[in-house]
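We count ligands from 1, going down the list as the structure has it; atoms in each ligand are counted the same way.
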Amino acid sequence: MDSRYDIAIVGSGPAGLSAAVNARVRNKNIILFGNAEFSEKLIKAPKIKNYLGLPDITGLQLKDKFENHIKSMNINITLERINEIYAMGEYFGLMVNQKMYEAKAIVLATGIEYTKPLRGEEELLGKGVGYCATCDAPLYKGKVVTIIGYNKEAEREANYVNELVKKVYYIPMYRDKPNLDDNIEIVEDKVLEIYGKERVEKVILENKQIDTDGVFVLKDSISPAQLVPGIAMESNHVKVDANMNTNIPGCFAAGDCVGRPYQYMKAVGQGQTAALNAVSYLDKQ
Ligand SMILES: Cc1cc2nc3c(=O)[nH]c(=O)nc-3n(C[C@H](O)[C@H](O)[C@H](O)COP(=O)(O)OP(=O)(O)OC[C@H]3O[C@@H](n4cnc5c(N)ncnc54)[C@H](O)[C@@H]3O)c2cc1C
């Protein structure tokens, strides 16, 4: 069993990094989950004109500055994707496949997915459509799986799934050439619909159809409602008060996942507020 952290921060974009820095300043034992690139939305920004004090910076340059900052404070990013978070009373359990991390408080900083769900995606969720390929791949032993990958990270999951199932089709939703195991079939075509009556039967593309038993839709972030069962939402965003409290005591949220405007400085400010209020929450326990 892993040790129990004071605060687990889920997401390594500006909101999560700011929460980590501020919680560390307050001497809390933290764990920060995310990816090596920090945030796709950060590294993709061509020119940032509205980050106070850094009037003419690219997303990559800002990422470097963030990286130097967290390194100088000995903050590491744990390269894991949290699949589900449960409130267990005195603590939270953060699930990564079969593994569980424990923390007394949580800051959700998972960002938001700009793309709309595909036709059939929400209707067939849990009926052959899933968001965590590594969790559910064993269910498809001897079967056909299609992976719709929205980012390069999905390729790693596709290669893993490929070891367990009969056949993998991979549909990239981005321009770069996917780097995949040889026997994965790459399908470069526009997805029109995930189709099935009771369960997934096929993926309908502009130029062809793929018969498939399962579809994994792998995006930057999944809906917080999926991630934290019972969390209150307001349209697509986590509902928070001015202290970044969600409806679940000890669970805070910050950044794009709590609402517009989708901006770096707002994300950073909310990450700070969330962390400081998580610290107060812990101090009262
Ligand atoms: C091309 C582009 C240009 C932009 N330009 C500007 C600009 O000039 N100025 C400006 O202010 N804003 C700009 N933005 C908006 C800005 O990028 C976002 O507002 C900001 O990144 C939000 O930060 P965040 O921390 O809330 O989320 P994100 O930056 O989206 O970070 C969330 C991170 O959490 C990770 N994550 C999600 N779920 C999990 C999980 N379950 N487990 C582990 N990790 C998880 C994600 O992979 C991601 O790395 C731009 C956005 C884009 C796409």
Side-chain angles (χ1 to χ4, degrees), residues 8-22 31-63 66-67 70 76-86 92-97 99-101 103 106-115 131-135 149-154 156-157 174 217-229 231 236-238 240 244 251-275:
I9 299 154
V10 186
S12 55
L17 298 174
S18 165
V21 164
N22 284 282
I31 185 162
L32 168 64
F33 295 101
N35 54 67
E37 299 294 336
F38 291 18
S39 153
E40 287 279 322
K41 295 204 179 89
L42 179 58
I43 59 176
K44 279 193 180 144
K47 264 284 180 252
I48 301 163
K49 298 277 186 196
N50 61 346
Y51 201 95
L52 189 66
L54 301 167
D56 195 19
I57 195 164
T58 67
L60 268 176
Q61 288 166 336
L62 188 57
K63 184 221 164 203
F66 288 168
E67 189 161 17
I70 63 162
N76 296 315
I77 298 177
T78 301
L79 304 179
E80 302 257 43
R81 179 152 285 263
I82 303 299
N83 306 132
E84 213 146 20
I85 300 175
Y86 295 106
F92 292 88
L94 296 98
M95 306 302 297
V96 182
N97 304 334
K99 196 165 43 174
M100 184 167 83
Y101 292 89
I106 300 281
V107 176
L108 291 177
T110 52
I112 197 153
E113 192 62 48
Y114 293 165
T115 51
Y131 292 129
C132 177
T134 45
C135 319
Y150 282 78
N151 54 42
K152 301 280 292 172
E153 277 214 3
R156 203 161 44 104
E157 288 200 58
Y174 46 85
V217 184
L218 304 184
K219 305 177 182 181
D220 282 345
S221 55
I222 56 171
S223 159
Q226 299 265 336
L227 190 62
V228 191
I231 200 162
N236 281 335
H237 300 116
V238 179
V240 284
M244 301 291 125
C251 179
F252 301 80
D256 284 3
C257 69
V258 308
R260 291 174 194 278
Y262 300 150
Q263 304 271 273
Y264 297 120
M265 291 217 302
K266 176 248 181 193
V268 166
Q270 289 185 333
Q272 179 183 44
T273 307

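- No side-chain donor-acceptor contact under 3.5 Å links Y150 and E113.
- Scanning for side chain to side chain donor-acceptor pair (under 3.5 Å) contacts around T58 gives Q61, with sequence neighbours left out.
- Salt bridge annotation for K99-E80: present, with a cationic side-chain nitrogen under 4.0 angstrom from a carboxylate oxygen.
- Between the side chains of N151 and E40, not a single donor N or O lies within less than 3.5 Å of an accepting N or O.
- The side chain to side chain donor-acceptor pair (under 3.5 Å) test applied to Y86 returns E84, not counting sequence neighbours.
- Partners of A253 under the side-chain contact (heavy atoms from CB on, under 4.5 Å) rule, at least two apart in sequence or in another chain, are L108, V238, V240, T246, C257, V258.
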N/O pairs closer than 3.5 Å, ligand 1 and protein:
unit_1	atom_1	unit_2	atom_2	d
ligand 1	9 (N)	N50	OD1	2.9
ligand 1	11 (O)	N50	OD1	3.4
ligand 1	11 (O)	N50	ND2	3.3
ligand 1	11 (O)	Y264	N	2.8
ligand 1	17 (O)	Y264	OH	3.3
ligand 1	19 (O)	D256	OD1	2.9
ligand 1	19 (O)	D256	OD2	3.3
ligand 1	19 (O)	Y262	O	3.4
ligand 1	19 (O)	Q263	N	3.0
ligand 1	25 (O)	P14	N	3.2
ligand 1	25 (O)	A15	N	2.9
ligand 1	26 (O)	D256	N	2.8
ligand 1	29 (O)	S39	OG	2.7
ligand 1	41 (N)	I82	O	2.9
ligand 1	42 (N)	I82	N	3.0
ligand 1	47 (O)	N35	ND2	3.0
ligand 1	47 (O)	R81	NH2	3.2
ligand 1	49 (O)	N35	ND2	3.2
ligand 1	49 (O)	F38	O	2.6

